[in-house]
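Heads up: the structure comes next, in structure tokens.
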Amino acid sequence: MPPHPHLNDPDAWWDHITTVVAGALTRLGTADAHAAAVATRAAYTNPAAWSLYPQALRVLDQLTAHGWQHVLLSNHVPELPTLLAALGIDNRFQAVINSAASGYEKPHPEAFRLARAAAGPAQRLVMIGDNPQADAAGARRAGIDAIWVRRNQHTDTPGLDAAAGILLALGPISNRRHPALHEVPPLETTAPKTLPIR
């Protein structure tokens, strides 16, 4: 998506998204597409609809205890800070860089520049994410090491403990000229069910 800093007001951002969603629903033949699109905001920003991976808080706390600091770089809705607070994870991050507020979505270089600036002086930066393009490739193009926590199905649980193990093995100082890419498979893979043809 092209940069959109002019949409950094939550209502302006949602007006734009509502128009896009309504257009898509209209093309799909949805009755009252505009009303359905308007309802997206309340449904998507309902904290009850969100949950953390079971190991998320433990892994963040483990890494913090070993001297790592955390900056969240996310392509998300304007209400992300409220959702993080509702999940009890907001205090684990020294900064949150959200595309809805900044106007720059990963993998845009400016998104990573903002995250780097928020991290402050650091001897090693590592991006951990589940998107091979937006997270891993975007970080490496910005000169940042990446750990891709792969999910083969949307129901897979990412291997956050394995990602933490990589970070702890890497140590705090980077001597690489080229950003590294580490891949972590999911903990659980939900294979698509197939029925035999009879």
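It should be emphasised that the depicted structure is a prediction, and the values quoted were computed from it without experimental measurement.
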Classify the side-chain pair E79/W13 by whether it contains a donor and acceptor separated by less than 3.5 Å.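 Short answer, no.
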
Would you confirm whether [X], through its side chain, and [Y], through its main-chain N or O, come within 3.5 Å as a donor-acceptor pair?
X    : Y    : value
Q94  : A118 : yes
R140 : P179 : yes
R92  : A56  : no
S99  : H76  : yes
T30  : L25  : yes
N98  : V77  : yes
D145 : V126 : no
H66  : Q62  : yes
K106 : L73  : yes
W50  : Y44  : yes

Taking the six-membered ring for Trp, are F93 and H70 parallel (under 30°), tilted (30 to 60°) or perpendicular (over 60°)? perpendicular

The test is side chain to side chain contact (heavy atoms under 4.5 Å, CB included); show your working for N131 and N75 and say whether it passes. CA-CA 11 Å; N131 187 301; N75 295 346; over 6 Å; no

Pair I89, L72 - check side chain to side chain contact (heavy atoms under 4.5 Å, CB included), show working. CA-CA 11 Å; I89 196 169; L72 178 62; over 6 Å; no

salt_bridge(R41, D15) N-O dist < 4.0 Å: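 Here R41 does not pair with D15 in a salt bridge, since their nearest N and O are not under 4.0 Å apart.
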
Would you mind checking if D161 and R58 are paired as a salt bridge, meaning a charged N to carboxylate O distance below 4.0 Å? yes

Can T40 and I17 be said to form a side chain to side chain contact (heavy atoms under 4.5 Å, CB included), step by step? CA-CA 9 Å; T40 302; I17 293 300; 5.5 Å; no

Of all heavy-atom pairs linking P81 and P78, the shortest is CD-O, 3.4 Å

Please report the shortest heavy-atom distance between P158 and V149, naming the atom on each side. CB-CB, 4.0 Å

Quick one: do [X] and [Y] end up in the same hydrophobic cluster if we chain Ile, Leu, Val, Met, Phe, Trp and Tyr together by side-chain heavy atoms under 4.5 Å apart?
X    : Y   : value
L187 : L52 : no
L87  : Y53 : no
L57  : L63 : no

Of L160, I147, I128, which is the lone residue that meets side chain to side chain contact (heavy atoms under 4.5 Å, CB included) with V184?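 Only one option passes, and that is I147.
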
The reported gap from CD in Q69 to CG in L125 (rounded to nearest 0.5 angstrom) is 10.5 Å

Kindly compute the distance separating NE2 (H108) from CZ (R113), expressed to the nearest 0.5 Å. 11.0 Å

Assess whether atom NE2 of H34 is packed by more than 12 heavy atoms of other residues, nucleotides or ligands within 6.0 Å. no

